[in-house]
J.: 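I am attaching a structure below and will ask some questions about it afterwards.
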Amino acid sequence: GAGVSQTPSNKVTEKGKYVELRCDPISGHTALYWYRQSLGQGPEFLIYFQGTGAADDSGLPNDRFFAVRPEGSVSTLKIQRTERGDSAVYLCASSLIQGGGTEAFFGQGTRLTVV
Amino acid sequence: ILNVEQSPQSLHVQEGDSTNFTCSFPSSNFYALHWYRWETAKSPEALFVMTLNGDEKKKGRISATLNTKEGYSYLYIKGSQPEDSATYLCASGTYKYIFGTGTRLKVLA
């Protein structure tokens, strides 16, 4: 596609349930990033993939969060036993190569609400 | 400064006015500074990537400057239009961007 695509755009789930958020990066982009924006905050780093491997997952808040990118393209962010504090906008971005001087393109985000 | 900070948090300007916002970031171990514009229900749109001290970049009516020694960047909008209404985010870092909380701009027609 022309841009980074995230699905679903909105997700409402009950506390304790499992959710998966999908990200389709721009074709050919090897670097993929997940960020989370909570109300009133700037986006916070969760995890960075270079190809298929998670090069840095230091931003994942706890072991309920996990992300995969099995074929080096689509990525899925998985959240187990969701809690109300997980409610946020989850943003995915991709870039051609890794690096702070490289432009990263963001998707529209998935707004997750845990009730 | 340990975090990325933006000011003001929000502002309203009249159509046609020029305005500017500030982004402050840690000056040590600087790598790059990014500006994004984020309209509601849309993707954050990259405006500028700046890496060199003294950099000045321009895109239409929007421009930005960078001072890496003192750790700040300014974003300027000349002749604001209602379509400029958005949240403007800056981020510093390598792949692990540290974002500010943004400046919410509302341009009144």
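Chain letters run A, B, ... following the sequence lines, proteins first and then strands; every chain starts at 1. Model, not experiment: these values are computed from the prediction.
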J.: For B:Lys69, look at atom NZ and say whether over 12 heavy atoms of other residues, nucleotides or ligands are found less than 6.0 Å away.
T.: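 No, the 6.0 Å shell around NZ holds no more than 12 heavy atoms from other groups.
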J.: Under 4.5 Å heavy-atom distance to chain A, tell me which part of B:Tyr36 shows up: side chain, backbone, both or neither.
T.: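 The side chain, not the backbone.
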J.: Hey, any chance B:Tyr76 and B:Leu66 share a hydrophobic cluster, counting ILVMFWY side chains that come within less than 4.5 Å of each other, even indirectly?
T.: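 No, because B:Tyr76 and B:Leu66 fall into different hydrophobic clusters, even though each may have its own neighbours under 4.5 Å.
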J.: Please classify the contact of B:Ala41 with chain A as side chain, backbone, both or neither, using a heavy-atom distance under 4.5 Å.
T.: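 Interface part for B:Ala41: backbone (N, CA, C, O).
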J.: Kindly check if the number of other-residue, nucleotide or ligand heavy atoms within 6.0 Å of CD (B:Glu83) is above 12?
T.: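 Buried by this count: over 12 neighbours within 6.0 Å.
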J.: Looking at chain B, which one of A:Gly42, A:Gly109, A:Pro43 has the largest number of heavy-atom pairs inside 4.5 Å, strictly under?
T.: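 If we count pairs closer than 4.5 Å to chain B, A:Pro43 comes out on top.
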J.: Would you say A:Leu21 and A:Phe49 are hydrophobically clustered, going by side-chain heavy atoms of ILVMFWY under 4.5 Å?
T.: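 Linked, A:Leu21 and A:Phe49 end up in one cluster.
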J.: Chain B heavy atoms under 4.5 Å from A:Ser58: which part of the residue, side chain, backbone, both or neither?
T.: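 The side chain, not the backbone.
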J.: Tell me, for A:Gln6 versus chain B, whether the close heavy atoms (under 4.5 Å) come from the side chain, the backbone, both or neither.
T.: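 It is neither, since no heavy atom gets under 4.5 Å.
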J.: Is it the backbone or the side chain of A:Leu91 that comes under 4.5 Å from a heavy atom of chain B, or both, or neither?
T.: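 For A:Leu91, the contact with chain B is made by the side chain alone.
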J.: Are more than 12 heavy atoms, taken from residues, nucleotides or ligands other than A:Phe66, located less than 6.0 Å from that residue's CZ atom?
T.: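 It does not: A:Phe66 CZ has 12 such atoms or fewer within range.
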J.: Got a sec: does the CD of B:Gln14 have more than 12 other heavy atoms crowding it under 6.0 Å?
T.: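 Enclosed: over 12 neighbouring heavy atoms sit under 6.0 Å from CD of B:Gln14.
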J.: CG of A:Asn10: more than 12 outside heavy atoms within 6.0 angstrom?
T.: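 Yes, enclosed.
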J.: For B:Glu39, I'd like to know if atom CD has over 12 heavy atoms of other residues, nucleotides or ligands within 6.0 Å.
T.: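 Atom CD in B:Glu39 is crowded, with more than 12 foreign heavy atoms closer than 6.0 Å.
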J.: First locate atom CD of A:Glu103, then atom CD of B:Glu45, and finally report the distance between them rounded to the nearest 0.5 Å.
T.: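 One finds 9.0 Å between CD of A:Glu103 and CD of B:Glu45.
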J.: Indicate the atoms forming the closest heavy-atom contact of A:Asp56 with B:Lys96, along with that distance.
T.: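 Distance-wise, the nearest heavy atoms are OD2-CE, 3.1 Å.
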J.: Indicate the atoms forming the closest heavy-atom contact of A:Ala104 with B:Ala46, along with that distance.
T.: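 Minimum heavy-atom separation between A:Ala104 and B:Ala46: O-CB, 4.4 Å.
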J.: Can you name the nearest heavy-atom pair linking B:Pro44 to A:Gly107, along with the distance?
T.: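 The pair with the smallest heavy-atom distance is CD-O, 3.5 Å.
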J.: First locate atom CG of B:Leu89, then atom CD of A:Gln37, and finally report the distance between them rounded to the nearest 0.5 Å.
T.: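 Rounded to the nearest 0.5 Å, the CG-CD separation comes to 7.0 Å.
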J.: Parallel, tilted or perpendicular: which describes the rings of B:Phe99 and A:Tyr35, with under 30° parallel and over 60° perpendicular?
T.: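 Because their plane-to-plane angle is over 60°, the rings of B:Phe99 and A:Tyr35 count as perpendicular.
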J.: Tell me whether A:Val74 is reachable from A:Val19 by hopping between hydrophobic residues (I, L, V, M, F, W, Y) whose side-chain heavy atoms are closer than 4.5 Å.
T.: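 Cluster IDs for A:Val19 and A:Val74 differ.
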J.: Quick check on A:Ala93 against chain B: is it the side chain, the backbone, both or neither that has a heavy atom closer than 4.5 Å?
T.: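 The answer is neither part of A:Ala93.
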